Amino acid sequence: MSDQTAMNAATEAIGKLVEAVAVPLERNDLGRLAQMHSWAQKVVEGASPAGERAVSETAGRLAQDLVVLLERLILDEAADPDAGIALVVETVRVIARAGQGEPVEADDLSARIASAIGNPPPAVTTPATPTVATAPAAAVAAKPTAPPAAVTHAPPPAEPAQPAAPPAEVAAVDAKYTSEPLHLDLNEREHLEGFLEEAVEHMDAIERGLLEVETEPGNTAKINELFRPFHTIKGIAGFLNLRDINRLTHEMETILDLGRRNELRITAGIIDLIFAGVDVLKLQLQAIRQYLAEPTGEACPQPEVATIIGKLRRAAGERNVETDAEPRPKLGEVLVAEGLVAASDVQAALEVQATEPRPPRRLGEILVEEGVAAPQSVERALAQQGAGSALGDQAIRVDTRKLDLLVDAVGELVIAQSMVGLAGAALRDEKLQRNVSQVTKIVRDVQETAMAMRMVPIGQTFHKMRRVVRDVARKAGKCVELTITGEETELDKNVIQQISDPLVHMVRNAVDHGIEAPADRRRAGKPEGGHITLNAYHQGDSIVIEVRDDGRGLDRDKLLAKGIERGLVRPEESLTEQQVFALIMQSGFSTAEKVTDISGRGVGMDVVRRNVEQLRGKIEIQSEKGRGSTFLIRLPLTLAIIDGMLVRVGAERMIIPTILIEQSLRPEPRQITTVQRRGAMLQVRGELCPLIQLGALFGYGEPIDPCASLAVIVQCDGLKIALVVDELIGQQQVVIKTLGERFKGALGVSGAAILGDGRVGLILEPSGLLALYKRQSSASFHDAAPAEAPEPVTRDYSAAPGCDGPARTPSQQEIPEPGGVERLAELVGAPT
Amino acid sequence: MQTVELAKNSGLRSTADGGKYLTFSLDSEEYGLEILKVREIIGIMDITSIPQMPGYVKGVINLRGKVIPVIDLRLKFGLEAAEYTEQTCIVVVDVGSLVGIIVDTVQEVLDIDASQIDPPPPLGASVDTTFIMGMGKVKDDVKILLDIDQVLRSEELTAALESVTAAAEVA
């Protein structure tokens, strides 16, 4: 440690001493006295080199006196303890003045201290030399009756036991770290995997914690919270012989430790450094994960850590003074203030603690064991103190796959139950029906519970965005504030996983393109700092996630111009606002070229849209030029079960997700218009929707007369399309099954569900349907020669649609394709 | 799969291992499936067809809560489609995932010794022999031993789908 550092530490120690005497000092407050003792020693050390301005020689000498005085007081050997306490306070104040370089009269004080102690001052005339630091320890050793532990290291009662000595950062500063080849023991695979999984959570906690510390660098409670995940990772990494990770977390922990002991100011630079460390840590974890997936038998590759460790060590070496942090209230004080425990009991406990062999029990433990305080009171006081709960939370870790299995099984149970119910109703047995309805209730409860188990609050995902906002804003030279609301809103775990990436994208867009540069904002009369709000809430059966910014907003005209240029829109057609905004989510609208000049919202928005649609959700955009934009992601509550409208198409039953349905109606002939006798359109409330013959499109049968059947209007890519179906069977909840890899590319179908009779029904996906429709000939009913609706295809195994040979697909390509422009024009209802 | 590729590369034919085979008939031909690949055998049931699939992909069924694809082996092999009867079975095989294959009748489980298995003879360009592991000679009968993984290789389906999707994207 350099002299400079020692001096800084001394100045800091003086500050702490002053703080310690700011509240009335009791002679029984051994913890505080012990702490002051170690600070006083620091002052002595700081004064030793040559009495520069930081800590004068006088201050050093007085500090030395103070050390001795405190020692006697702690050991209860002072001749006049009460006078001694008063003297401690006075001495500290004088030292503080001396520390500021003011001239002080020290000799008189020294003499009085000597008399309070009751014997000639042993060190008053000794000039401060390097040996003084060890003097008190020697003095203690000389007293055979003294409990040695109480003198040097009685920990402050209100704080969790801390490592006795500060981590060995001094020795480590200059030593360069070299990593060693990492040989993973595959027998420990399970532990390693468990560790990796746990580490992910800790990393989240760390990132969140770091951001909080960044906003409140002086809040030691927050630093303490940060400490825990680091400590856990370090511990397990040590246990698993992951040396790099162990050392890296150790270094970060060291910095935080210095920070929470106010020995190092946690600056933005330090936070950046720790973030960088966290990133390296992530790489390390990733490397292990990859290795475990494909073990090579050789050493596991390890991303480089020496550089960052070196940086961390250097930073830890540069301690400085930081005294403005508020000390944490002591547990005893909190308890007394709350009226939970009498002050005398706390003191008694402190005395017990002071005499205990190392490591002493914590104050709370003593209080509870002595029966003075209820565990709950201590718990509450600890929480208030900010030390966090001593008891673990009531949760267990369960593999999500197991949960998925449970949810699947419950889904089956629901279906089996409804089958039994149907059969039971047919028997007309009253008792059976009563029992069945009882079972139905229980099954519903089980279902709800099973679903609830997979629900997790979105908060964690939202908090990840803080990092995104911070990084992007910093890179773009913008100042952006992120407000998070509705973080307790719960979503299915799987939904949260899948929404995370799109959300990152949208938030990044909002910062990068939505929020203007500070200068532009000033010109527009807005505050320089931009504001982004993330919000989540329930609305009916869906969950809405909102990304709102107060940036420049979408420019309708420019978007439209771009759409025309890209051939997505025809110049003469008029689009609604929603339709124009929806353009940015069209593939090919923006990826080809950077569109930052337009507002740039388009970057990857088509991918976002696709992701959201995969989750059976939809995106709405609201925007006002110059005022900002709001992107609303509307998602179903859960992935596993949807509300669907069961419809009959030919002999097949299909499910249309209710969330997408606008309305269903029986069209009247005057509502239907055809173009070139092919593209049929349905006019609904002034809007023209392409009329899609579902059965014909899927090859389930011939086109049918829409006026004799039904049209279901569904939302699709910001447009509306009308699907012609034979019959609406009813609304029901279905458990979604994937169709698997084999049918991944099947257009217009997103999954399957098992229906009440055990058969499989397909779930429709409108975007794909539209794509399929665009590709296929739009065979309309009027093309078909017979005017009467064809008979519904009777189900017969051999006559199943689609069994008529493999050559169906290629032939469909022969139909000439209308160009994209015409198509869109047609779809949005431009006059042809 | 690996052995087949090896055989292709080296110009040699792979020979199936001896063991238990489930035999079934398709049209007038008799086939064998490694018993280890067979999960279960069920009677023909309602199949939900999936649009835009090649004809031999009949669709999906509900196998006790799992939705699995079903393939008509006759159509897959280019044989004539046949009416499904009481005898028609769906053999559920495990090729990484579960797939049902529709066969005319399931016969029996046979122990076929490696010595009874011949490599497939050259059959001319019109017959795809890549999914034949060998010809099992049991008494006077010949069972065609199938490499079911090769038969159900999903890349083929994926390829079919890709062409569909690609076409859609053009539009």
Side-chain angles (χ1 to χ4, degrees), chain A residues 408-409 411-412 415-416 587 651-654 697-700 735 737-749 751-755 757-762 768 771-776 795-810 812-813 817-820 823, chain B residues 43-72 74-78 80-86 88 90 95-99 102 152-171:
Chain A
D408 277 0
E412 294 319 313
I415 289 161
S587 53
E652 297 285 347
R653 280 169 303 168
M654 311 195 92
L697 187 68
F698 280 166
Y700 290 165
V735 180
K737 309 273 173 182
T738 62
L739 284 173
E741 284 295 305
R742 279 170 195 276
F743 303 118
K744 213 171 153 191
L747 285 174
V749 178
I754 292 165
L755 304 176
D757 61 357
R759 277 201 51 181
V760 180
L762 299 180
L772 186 65
Y773 175 72
K774 287 180 187 175
R775 183 172 61 76
Q776 279 195 349
R795 186 105 200 131
D796 160 324
Y797 292 130
S798 60
C803 67
D804 48 346
R808 224 154 40 88
T809 17
Q812 288 156 350
Q813 290 169 8
E817 282 300 323
R823 197 73 250 171
Chain B
I44 190 77
M45 60 196 289
D46 272 343
I47 301 172
T48 301
S49 69
I50 308 266
Q52 315 146 58
M53 288 295 135
Y56 60 83
V57 179
K58 300 300 292 186
V60 288
I61 56 164
N62 166 21
L63 181 71
R64 287 188 309 281
K66 280 204 177 73
V67 175
I68 66 165
V70 177
I71 278 163
D72 189 319
R74 269 177 170 267
L75 299 179
K76 170 74 185 165
F77 289 165
E80 218 165 278
E83 194 109 352
Y84 295 159
T85 67
E86 288 285 292
T88 313
I90 299 177
V95 288
S97 58
L98 296 184
V99 178
I102 300 173
L152 300 178
R153 243 177 47 219
S154 55
E155 294 92 273
E156 198 179 311
L157 276 182
T158 320
L161 287 173
E162 266 163 14
S163 66
V164 169
T165 334
E169 243 139 47
V170 173

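Within every chain, numbering begins at 1; the chains are lettered A, B, ... in the order of the sequence lines, protein sequences first and strands thereafter. Keep in mind it's a predicted model, so treat the numbers as computed, not measured.
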Report task. Tell me, for A:Leu739 versus chain B, whether the close heavy atoms (under 4.5 Å) come from the side chain, the backbone, both or neither. Result -> side chain
Query raised in the report: Are any non-hydrogen side-chain atoms of B:Pro51 and A:Leu762 less than 4.5 angstrom apart?
Result: yes
Query - Test item: B:Gln52 and A:Leu747 side chains (from C-beta on) under 4.5 Å apart, heavy atoms - result: yes
Requested in this report: With sequence neighbours left out, write down each residue that passes side-chain contact (heavy atoms from CB on, under 4.5 Å) with A:Ala753, or none if nothing qualifies.
Outcome: A:Ile655, A:Val734, A:Ile763
**Report entry** N/O donor-acceptor pair under 3.5 Å between B:Thr48 side chain and A:Val760 backbone
**Finding:** yes
Query - Gap between atom NZ of A:Lys737 and atom CD1 of B:Ile68 - 0.5 Å precision - result: 12.5 Å
